[in-house]
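Per chain, numbering begins at 1; letters A, B, ... match sequence-line order. Computed from a predicted model, the values in this text were never measured in an experiment.
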2 protein chains.
Amino acid sequence: MIAPELLEKYGALKKSFDKNEIIFEEGNLPTHYYQIISGQVKMSNYNDDGREFIQGIFYKEQSFGEPPLFLNQKYPANAIAVDDSEVLLLPKNNFLKLLEENPAISLKIIENLAQRLYYKSVMAAEMSTQEPEHRVLKLIDHGIAYFNFKKDANGYHINFTRQQIGDLTGLRVETVIRTIKALEKKGLLKIINRKVYR
Amino acid sequence: MIAPELLEKYGALKKSFDKNEIIFEEGNLPTHYYQIISGQVKMSNYNDDGREFIQGIFYKEQSFGEPPLFLNQKYPANAIAVDDSEVLLLPKNNFLKLLEENPAISLKIIENLAQRLYYKSVMAAEMSTQEPEHRVLKLIDHGIAYFNFKKDANGYHINFTRQQIGDLTGLRVETVIRTIKALEKKGLLKIINRKVYR
DNA sequence: TTCATTTTATGACTTTAATCATAAAACAGC
DNA sequence: GCTGTTTTATGATTAAAGTCATAAAATGAA
């Protein structure tokens with residue numbers, strides 16, 4: 001996260017996106033640095049027959065879509081508002097100037113990219129070799145650490161739909177539903193009127 | 001890549017690893033920055049029943065294992081020499097000092113992490129939603145751009161074993177062998193005495 | 001040059017998640 | 001409050017990759 005005041009000093013502008021509105025599209029060249037003020041944004045791909053894979057979900061104070069910005073490459077995925085969201089947009093050149101003039105920010109960017117690479121490494125290993133129960137549990141446990149799940153009397157409330165869990169783990173909804181039930185039976189999580197807790 | 005002279009100025013030492021020797025292990029805390037002088041290194045995970053997933057393969061002048069270094073987290077995978085290899089090791093604190101005193105290097109690190117994140121994004125989407133032919137082809141095409149495949153009269157020589165392709169895509173050897181044959185039949189690649197070309 | 005190991009290969013079969021069909025409950029918009 | 005959509009749910013069936021067995025070719029080490 002970069003302080004909003006600093007971003008604004010370099011010319012960042014606030015933009016609002018409605019729920020399900022596209023922020024940028026796969027295949028386009030990056031033009032801005034994006035940082036969320038409020039709401040949530042997902043980055044995802046659609047394969048040939050319309051099946052979705054969610055690369056990640058981002059919340060307030062988080063940035064997204066930087067890698068292609070540094071590489072002059074096309075976006076490998078779409079960014080879509082999951083809820084009504086407000087986002088700060090800083091044009092690429094201003095962003096690079098900001099980095100140059102504020103070396104401490106570079107370390108923040110590095111740490112952020114390192115964190116995301118870490119998540120992708122863990123999930124890639126899970127998704128390639130582990131069975132559904134393992135995959136779902138790993139996603140949930142990662143989510144507790146890095147997504148904004150709230151803890152209450154029942155434990156952490158995993159506020160993802162079964163479909164979202166499927167799209168994040170590469171499983172189908174039905175499989176996720178069955179897997180979650182199996183995990184509950186094993187006592188690894190709780191289902192309280194359809195909500196999942198851990 | 002950071003210039004070897006600069007690394008040595010900050011106290012980096014050269015270390016040799018035999019083929020199949022472990023450089024560092026999953027679960028350990030990072031102590032050094034690693035940059036390859038010669039040979040090749042893979043980062044990989046083994047799941048509960050011994051199945052391997054290769055996170056990536058790295059060659060001369062490339063660094064590996066940085067993310068946990070920036071996050072003070074444990075390594076999410078093992079680093080193993082694929083061939084006899086020489087690696088420059090720079091202790092963590094010296095590396096951070098180097099970064100601090102050479103701001104231009106930070107941008108290099110950022111670009112490198114961005115590149116790896118880009119690869120992982122593309123492969124994650126493939127691995128979760130696409131059929132084997134698509135997955136193998138994507139890996140090969142990515143490899144042409146970023147691994148050191150050599151081009152000759154037959155095209156790019158994909159010098160991965162079927163097993164390695166399987167470990168990189170989450171498929172079993174037999175499936176890779178059959179998939180490659182199917183891709184050859186479709187004219188998407190060539191097999192010339194067991195070697196794969198594209 | 002020989003021998004052990006790795007890599008590629010192929011067929012038969014099995015398992016597991018995907019698919020398909022259907023429906024109830026919950027939620028959101030009007 | 002009604003209605004359309006989304007989410008959760010369950011059972012039956014299918015397809016596709018995994019598994020198992022076996023072997024030839026290639027490679028590398030002694």
Next on the checklist: Which heavy atom of L90(B) sits nearest to which heavy atom of A12(B), and what is that distance?
Outcome noted: CD1-N, 3.6 Å
Checklist entry - Tell me: NZ of K195(B) to C1' of dA26(D), nearest whole Å? => result 9 Å
Checklist entry - Do N93(A) and Y10(A) have a side chain donor and acceptor closer than 3.5 Å? => result no
Next on the checklist: Both T161(B) and R194(A) contact DNA chain C. Which one's nearest nucleotide lies toward the 5' end?
Outcome noted: T161(B)
Item to check | Whole-Å gap separating P (dT7(C)) and CD1 (I165(B)) | outcome: 12 Å
Next on the checklist: I need the CD-P distance between E174(B) and dT14(C), as an integer number of Å.
Outcome noted: 16 Å
Checklist entry - Quick one: is dG18(D) close enough that its OP1 or OP2 comes under 4.0 Å of any side-chain N or O from T175(B)? => result yes
Next on the checklist: From CG of L171(A) over to P of dA16(D), roughly how many Å is that when rounded to an integer?
Outcome noted: 18 Å
Checklist entry - To the nearest Å, how far apart are I192(B) CD1 and dT8(C) C1'? => result 16 Å
Checklist entry - Taking the six-membered ring for Trp, are H142(B) and F147(B) ring centroids under 6.0 Å apart? => result yes
Checklist entry - What's the CZ-P distance between R172(B) and dA17(C), to the nearest Å? => result 14 Å
Next on the checklist: Just the rounded figure in Å: distance from P of dT19(D) to CZ of R178(B).
Outcome noted: 12 Å
Checklist entry - Does R51(B) make a side-chain donor-acceptor contact with the base of dG18(D), cut-off 3.5 Å? => result no
Next on the checklist: Any base atoms under 4.0 Å from G166(B), or only sugar-phosphate, or nothing? Heavy atoms, all strands.
Outcome noted: nothing
Checklist entry - Hey, is the side chain of R162(A) poking within less than 4.0 Å of OP1 or OP2 on dT7(D), counting only N and O atoms? => result no
Item to check | Salt-bridge present (E66(A), K92(A); N to O < 4.0 Å) | outcome: no
Next on the checklist: Rounded to whole Å, how long is the line connecting atom CD1 of I177(A) with atom P of dA26(C)?
Outcome noted: 14 Å
